[in-house]
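Report on the following structure.
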Amino acid sequence: MAATADDIAAYTASDFEPTTTGVAATDKDFIEYQVALWLMSYLAPLIIVVGTLGNGVSVVVLRHVYFRDSPISFPLSALAVTDTAVLYVALLRQWLMAVGLGELRGRLGNVGCQLHFMLSYYLQQLSSWTLVLVTVERTVCVALPLAAKAICTRRRVVLLWVSIAVTLCLLNTHFFWTTAYKWQRPRSYENVTALICAVDESHVQFFDAWNYVDMAVYCIVPFAVILAGNVVIIACIVRAIKFRRQQHYCSPTTLIPNPIPSAAAVYHDRMTSQTAMLVGACVLFLVTTAPYAIYFVVTEDRLKNPSPHQLAQLRLAYVIASLLCYVNNAVNFVMYCLVGTRFRRTIVDLFRCWGRGRTEVGRKGGQTMVTLETRLTVKRNTGRRSSPQLVTSLHVTKLQ
């Protein structure tokens, strides 16, 4: 019988010490197992902390007025929330096992066991397909800029994301009858039984087939769609840059400066920044999920009756591939900052507003709140071109 991915990832309290002399060697006697245990013990909490902070800041920034009205803001916010949930549902469980705190699913009862199984798969799939939705939206905006506003409305994007979420949820409902918390073999290649949360032995064959379905839904199909979408986006951007350069050199008005950016230029700047954010997130997805897909394909034949040394090697490969997938859930914020110019500016603006927007001065008999407000106004003069001006006003409020 073949070992499943959970067999490879499983840690128990007895796994932390090497076997005694005279006892047959197990996977924990090999250096690969110890390296895998160290990686999961020390890198997992770092990924969780970085992912929580980064995804939280991403949600705040995406609610800024610059992103709020854009159709892309909702799926990117949903992606940040989903990625955080993945870290706490899936990665936290593996870290607890690695540090010897036991199996989380075993403490949740039968229904909790089944629900945790379902969420572990569902959230990762939803994260991938949310990125697919963002890729499709950006591809349409770049390839069909004139029709994009009519096609990719915020309402349609939200409805499409909800449809994807419901479909994936229905796809994973089988966990409520294919998994159970009961006495069965902890690992499919062992002959001992224990009270555990695992795949029901009567559905092992179904679950072997499900692993292929999950790999296609979670990784392979999103990988192909995202790769194709980014190729189209990059090709359209390169073509647009070449066309703009030709127009610049051929236009007789290129030497006349225009200090006021047109609406088309502002819209182009916004599209470019948001598209750069998407391309960065997609490249991150492709790089971090490819090892997991390769692991699944290459090691499938080696999962049948593995030797202890092979099992230790497979465990190390699985841990590395899994941690890379969780890195994808944690560092989208870093990628946004690296490639999203407007995203960086919005973060700076938010910190400035937080640090300088309100000053409180204590006085006798109460407090005085001084608020500095800056707004952009446009003076309209007949026969002249409108010019924007910054107007600053000072509001003083007496607090009793």
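Nothing fancy with the numbering, it's 1 onward along the sequence. Any value given below was found using the heavy atoms of this structure, including those in side chains, with hydrogens, waters and symmetry copies removed. Since we're looking at a predicted model, the values are computed, not measured.
- Contact between T130 and P75 at its shortest, heavy atoms only, is CG2-O, 3.2 Å.
- Rounded to the nearest 0.5 angstrom, T52 OG1 and I47 CD1 are separated by 11.5 Å.
- When side chains are defined from C-beta on, Y33 does not count as touching L316, because their heavy atoms never get closer than 4.5 Å.
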Item to complete: Kindly determine whether S41 and W95 satisfy side-chain hydrogen bond (donor to acceptor under 3.5 Å, both in side chains), including the steps that lead there.
Response: CA-CA 6 Å; S41 299; W95 177 71; 5.7 Å; no
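- With hydrogens and angles ignored, the 3.5 Å screen pairs no side-chain donor or acceptor of N328 with any backbone N or O of L324.
- Ring geometry for F30 versus H309: interplanar angle under 30°, hence parallel rather than tilted (30 to 60°).
- For W38 and Y42, the ring centers are positioned less than 6.0 Å apart.
- For the pair Q125 and N172, the tightest heavy-atom approach, listed with the atom from each and the gap, is OE1-ND2, 2.9 Å.
- Side-chain contact between R154 and S73 is present, with heavy atoms from C-beta onward closer than 4.5 Å.
- Considering only heavy atoms from C-beta on, R138 comes within 4.5 Å of C141 through its side chain.
- Linking ILVMFWY side-chain heavy atoms closer than 4.5 Å, directly or via other members, places V162 and L119 in a single hydrophobic cluster.
- L104 places none of its side-chain heavy atoms less than 4.5 Å from the side chain of L92.
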Fill in: Verdict with reasoning, V134 to L79, per side chain to side chain contact (heavy atoms under 4.5 Å, CB included)
CA-CA 9 Å; V134 177; L79 179 64; 5.7 Å; no
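- Using a 3.5 Å distance cut-off with no hydrogens or angles, the side chains of T288 and Y326 do not pair a donor with an acceptor.
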Practice prompt. Show your reasoning for whether side-chain hydrogen bond (donor to acceptor under 3.5 Å, both in side chains) applies to D83 and N332.
Written response: CA-CA 9 Å; D83 284 343; N332 275 328; 3.1 Å; yes
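- With a 6.0 Å cutoff to the six-membered ring centre and a 45° limit on the axis angle, R105 counts as a cation-pi contact of F117.
- Residue L170 is grouped with residue V132 when hydrophobic side chains (ILVMFWY) are merged at heavy-atom distances under 4.5 angstrom, including chains of intermediate members.
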Fill in: From CA spacing to verdict: side chain to side chain contact (heavy atoms under 4.5 Å, CB included), Q114, Y181
CA-CA 8 Å; Q114 296 168 337; Y181 179 64; over 6 Å; no
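- The aromatic ring centroids of F175 and H116 lie 6.0 Å or more from each other.
- Tracing side-chain contacts under 4.5 Å through hydrophobic residues (I, L, V, M, F, W, Y), one reaches L126 starting from L115; they form part of the same cluster.
- Closest approach of S58 and A80 over heavy atoms only: CB-CB, 4.4 Å.
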Fill in: Evaluation steps, side-chain hydrogen bond (donor to acceptor under 3.5 Å, both in side chains), between T289 and Y218
CA-CA 9 Å; T289 58; Y218 165 62; over 6 Å; no
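- When all heavy atoms of P222 and A216 are compared, the pair lying nearest together is CD-O, 3.5 Å.
- The heavy-atom pair separating W129 from V217 by the smallest distance is NE1-O, 2.8 Å.
- Distance check: T178 OG1 to Q205 CD gives 13.5 Å after rounding to the nearest 0.5 Å.
- A heavy-atom distance below 4.5 Å is not found between the side chains of T153 and V157.
- Distance check, rounded to the nearest 0.5 Å: CD of Q124 to CG of L168 gives 12.0 Å.
- There is a path of hydrophobic side-chain contacts, each under 4.5 Å, that joins Y122 to I164.
- Contact of the K182 side chain with the D200 side chain is registered, since non-hydrogen atoms from C-beta on lie closer than 4.5 Å.
- Taking OG1 from T179 and CE from M118, the interatomic distance works out to 11.0 Å, rounded to the nearest 0.5 Å.
- Here the side chains of H174 and H203 are not in contact, with every heavy-atom distance at 4.5 Å or above.
- Counting heavy atoms from C-beta on, the side chains of W210 and Y121 come closer than 4.5 Å.
- Hydrophobic clustering (ILVMFWY, side-chain heavy atoms < 4.5 Å, transitive): V238 and V140 are in distinct clusters.
- Atoms CD and CD, on Q310 and E32 in that order, are 11.0 Å from each other to the nearest 0.5 Å.
- Taken from OH in Y318 to CE in M40, the straight-line distance is 7.5 Å, to the nearest 0.5 Å.
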Item to complete: Please test C113 against C197 for disulfide (SG to SG under 2.5 Å), starting from the C-alpha separation and ending with a verdict.
Response: CA-CA 6 Å; C113 157; C197 171; 1.8 Å; yes
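- Looking at every heavy atom in both residues, T135 comes nearest to I226 through OG1-CG1, 3.7 Å.
- For N329 (side chain) and V86 (main-chain N/O), no donor-acceptor pair under 3.5 Å exists by modelled atom type.
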